[in-house]
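Just so it is clear, the structure is predicted and the values come from calculations on it, not from any experiment. Chain naming here is simple, since letters A, B, ... match the order of the sequence lines and numbering starts at 1 in each.
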Number of protein chains: 2
Amino acid sequence: VTHSPRILVGQSGGPTAVINASLAGVISTAYDVGAQVFGMANGIQGLLANHLVDLNAFTPQNLELLKHTPASYLGSCRYKLPDLTEEGPGEKNQAYEAIFEVLARQKVDAVCYIGGNDSMDTIAKLGRWGAQVGSPIRFVGVPKTIDNDLVATDHTPGYGSAAKYIATTVHELALDSSVYDLPNVLVVEIMGRDAGWLAAASALARTTTPSHASSAPDIILLPEAPIQEETLIERVKELLCQKHCVVIAASEGARRPDGSLFLEGSKRVADSAADSVLATDAFGHATALSGCGRALAALFAQTLNIKTRAVELNTSQRAASHLVSATDLREAEAMGVCAIKAALQGKTRVVPTMERVSNHPYQVTYNLTDIEEVANKVKFVPTEWIAPDGMDVCPEFIRYARPLILGESWPAYVDGIPATL
Amino acid sequence: VTHSPRILVGQSGGPTAVINASLAGVISTAYDVGAQVFGMANGIQGLLANHLVDLNAFTPQNLELLKHTPASYLGSCRYKLPDLTEEGPGEKNQAYEAIFEVLARQKVDAVCYIGGNDSMDTIAKLGRWGAQVGSPIRFVGVPKTIDNDLVATDHTPGYGSAAKYIATTVHELALDSSVYDLPNVLVVEIMGRDAGWLAAASALARTTTPSHASSAPDIILLPEAPIQEETLIERVKELLCQKHCVVIAASEGARRPDGSLFLEGSKRVADSAADSVLATDAFGHATALSGCGRALAALFAQTLNIKTRAVELNTSQRAASHLVSATDLREAEAMGVCAIKAALQGKTRVVPTMERVSNHPYQVTYNLTDIEEVANKVKFVPTEWIAPDGMDVCPEFIRYARPLILGESWPAYVDGIPATL
């Protein structure tokens with residue numbers, strides 16, 4: 001390109017605590033190379049509606065604020081592009097034609113799309129369409145997801161901060177639950193429908209300092225390791241002989257060997273839209289699986305006749321920018337930088353990924369991966385990282401996850417709360 | 001006393017994020033004056049069982065760790081002493097005799113009891129009994145409660161940190177809820193059965209910086225301001241014409257004008273012990289009122305046919321030591337120091353209280369108040385601090401509460417999570 005390159009950036013799917021650090025990485029690199037940078041309001045939806053945002057006027061201070069601002073700064077969407085027909089332009093492909101019309105009108109040279117699994121599907125489809133119609137526009141993904149379920153990358157930006165929030169909160173809740181000298185069970189419900197990476201991160205709450213050891217959580221339940229209710233009850237009984245407070249960290253998607261979710265065992269208020277429901281989103285994924293924690297707490301209350309408490313960790317898991325992992329924040333920004341640099345070098349249909357070089361010292365390299373290798377695939381917690389009894393993770397997982405939560409990066413505080421953009 | 005004074009300290013009731021800072025204040029002052037200091041394990045219950053803990057060997061580093069450790073370090077209880085009979089010693093007063101026997105055997109000179117409303121009742125009763133039997137032992141309370149519902153003090157240690165956690169979290173959740181371009185209502189359920197101080201603190205989430213203004217929460221519901229469902233629905237409708245995301249902060253004890261709680265309007269799973277139940281504790285207070293958020297979210301989903309989400313802020317409200325208010329931490333420690341100093345000066349049946357001298361600069365003085373003036377009374381959010389429509393707080397409340405959340409005091413982090421004792 002001979003003119004100043006024009007970069008369009010969007011965000012899609014659920015936010016992470018550091019999703020805006022990737023955006024900041026794209027913006028600051030655009031400034032560095034003299035590119036023009038625009039944002040899609042609400043992802044691909046805003047692109048379809050030609051609703052773009054000028055991002056060329058951030059001060060360095062505002063870019064810092066942006067990095068510590070939770071929620072997708074540009075807005076998000078869960079819009080699913082129609083499947084591509086092989087025949088090329090046609091009525092079925094109206095959305096693609098509309099999008100490429102906007103891109104042409106805006107003279108866009110490259111599109112960076114920050115998102116998870118489904119967003120990689122979106123950018124892959126746009127790239128395929130572009131190739132079919134011979135468009136010179138480059139399409140680059142920027143991975144983010146607290147779920148850590150993307151393949152081809154050691155881990156995903158957003159996961160480390162969610163894991164740090166979960167470990168910190170489970171540690172605090174476990175201490176809180178043990179203050180009364182009464183047998184009790186605390187069930188902490190953690191996000192994760194199909195992959196248990198987030199619930200597994202609760203294992204990082206355990207402290208090993210000899211004088212201040214805390215073994216909580218005592219049980220970790222992952223979707224990858226279905227378990228019989230009877231086995232679970234026996235294990236809790238056993239633990240209650242050793243300690244008065246048993247802490248269980250359970251994925252929202254924790255399930256029985258027959259595949260049924262624990263939350264399905266609880267009676268639910270059928271007519272209450274706010275209660276646990278098995279809804280599906282535009283991508284056909286189950287959403288709003290909350291209820292597993294309450295179902296399990298009710299199970300233990302009924303079968304063991306003891307005090308139980310269910311705590312559902314809420315959307316703070318993806319929004320607690322006040323407690324980001326400095327490692328995660330740095331990597332999220334670096335992934336944004338890698339993506340726009342790749343686009344500026346003429347690369348398309350790729351996504352930056354991380355490869356771990358070493359744990360001591362922790363070190364990653366940034367590579368580029370064909371986006372088709374990443375889209376629509378899910379990475380689960382490997383079986384060899386799950387304890388044989390299916391109720392815990394192995395030291396291998398701890399060695400993998402610990403470096404990702406290291407380091408703190410405090411936001412500025414104004415009037416007693418974190419400053420955001 | 002000619003021997004080295006012997007101080008016994010206990011903690012009772014629900015923890016706060018800074019309850020151990022008061023304990024640290026007692027311990028360090030005891031060290032300063034050469035007093036011996038012991039703790040009751042699980043409050044008055046441990047005292048009855050002669051289960052005491054030696055607190056004489058803290059290193060300065062461990063005292064610092066203690067200040068940032070959530071949950072009651074000594075354990076807690078909800079034991080209610082029997083009502084005092086006027087006739088003096090007798091069968092009914094077995095508990096008092098047992099307690100004073102332990103105190104005599106341990107040669108205790110003074111008892112400091114860190115707790116809320118009910119704990120002040122306990123210390124008041126022990127003081128009365130001591131006076132009746134002519135005991136020289138001094139009894140001093142140390143106020144703490146996230147509920148901020150103690151009379152005779154401007155505010156209560158523990159409230160500022162809970163308020164800071166609530167304001168920060170509501171701010172983050174509100175940003176997260178606005179990322180999709182769809183009409184939606186977020187209901188955040190906040191602790192507070194009878195007094196709305198904690199839900200009111202959500203008003204501190206609003207940001208006034210012109211470029212980054214956030215008006216969330218849009219509605220605040222307090223137990224002190226009952227409201228008709230119809231009025232609430234109309235207000236939400238109105239707000240949805242102005243913005244796509246409406247955020248409501250609701251006390252768990254939010255109610256209708258007939259006194260019924262919103263949570264009672266939701267169908268509940270009667271046989272599920274983990275679900276919303278109206279249980280009562282040893283003091284006859286309703287406990288476990290969770291469910292108001294889900295009930296309101298269901299109400300809006302049904303009547304307005306829109307997406308709603310209920311988030312119940314969990315026990316992190318009292319346990320999030322990773323996000324304490326530096327002001328609160330300092331005051332909690334100072335209250336512990338005041339209490340033990342009063343006891344060493346021979347004062348009994350008193351409790352340190354705070355009086356606000358000025359807001360600019362924020363300044364308090366520490367006084368001593370007769371414990372009988374504090375026990376068994378409840379301080380509500382004053383009517384003049386609640387908006388006339390009953391759905392918000394007034395600027396007077398903000399002026400009162402803002403200084404209490406100011407300042408940050410980060411704990412040390414080890415292995416990526418806060419170090420605790």
Of all heavy-atom pairs between A:G43 and A:C77, which one has the smallest distance, and what is that distance?
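Here A:G43 and A:C77 meet closest at CA-SG, 4.0 Å.
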So which heavy atom on A:G416 is nearest to which on B:T168, and how close?
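Scanning both residues, the minimum pair turns out to be O-OG1, 4.4 Å.
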Let me confirm one number: the NZ-CZ distance from A:K164 to A:R402, rounded to the nearest 0.5 Å.
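Taking NZ in A:K164 and CZ in A:R402, the distance rounds to 10.0 Å.
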A:L421 and A:N20: CA distance, side-chain angles, deciding distance, side-chain contact (heavy atoms from CB on, under 4.5 Å) verdict:
CA-CA 10 Å; A:L421 196 60; A:N20 292 327; over 6 Å; no
Return the option, out of [options], with the maximum number of heavy-atom pairs under 4.5 Å with chain B.
| options | result |
| --- | --- |
| A:G75, A:A71, A:S76 | A:S76 |
| A:V311, A:T315, A:T207, A:L299 | A:T315 |
| A:T169, A:L406, A:N42 | A:N42 |

Any heavy-atom pair between the side chains of A:L404 and A:Y362 that's under 4.5 Å?
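Yes, side chains in contact.
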Any side-chain heavy-atom pair of A:S202 and A:I190 under 4.5 Å
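A:S202 vs A:I190: side chains touch.
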Check step by step if side-chain contact (heavy atoms from CB on, under 4.5 Å) holds for B:K243 and B:S215.
CA-CA 10 Å; B:K243 55 197 306 194; B:S215 62; 2.7 Å; yes
Tabulate, in ascending numerical order, the residues of residues 177-187 of chain B having at least one heavy atom closer than 4.5 Å to a heavy atom of chain A, or enter 'none'.
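When heavy atoms of chain A are the reference, residues 177-187 of chain B contributes B:V179, B:Y180, B:D181 within the under-4.5 Å range.
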Give the intermediate values and the outcome of side-chain contact (heavy atoms from CB on, under 4.5 Å) for residues A:H68 and A:S409.
CA-CA 9 Å; A:H68 280 99; A:S409 176; 3.0 Å; yes
Non-hydrogen atoms of chain A under 4.5 Å away: do they reach the side chain of B:L175, the backbone, both or neither?
both
At a heavy-atom separation under 4.5 Å, does A:L323 approach chain B through its side chain, its backbone, both, or neither?
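Side chain only.
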Side chain, backbone, both or neither: which part of A:S214 has a non-hydrogen atom closer than 4.5 Å to chain B?
neither
Scan for side-chain hydrogen bond (donor to acceptor under 3.5 Å, both in side chains) pairs involving residues 318-327 of chain B, sequence neighbours excluded, and state none if there are none.
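Every pair satisfying side-chain hydrogen bond (donor to acceptor under 3.5 Å, both in side chains) with a residue in residues 318-327 of chain B: A:E172-B:H322, A:D176-B:R318, A:H322-B:H322.
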Pair count under 4.5 Å, heavy atoms only, with chain A: among B:H171, B:Q45, B:K307, highest is B:H171
If you count heavy-atom pairs under 4.5 Å between each of B:G160, B:P15, B:G407, B:P403 and chain A, which one has the most?
B:P15
Does A:I166 form a side-chain contact (heavy atoms from CB on, under 4.5 Å) with A:L204? I'd like the steps, not just the answer.
CA-CA 9 Å; A:I166 289 165; A:L204 303 170; over 6 Å; no
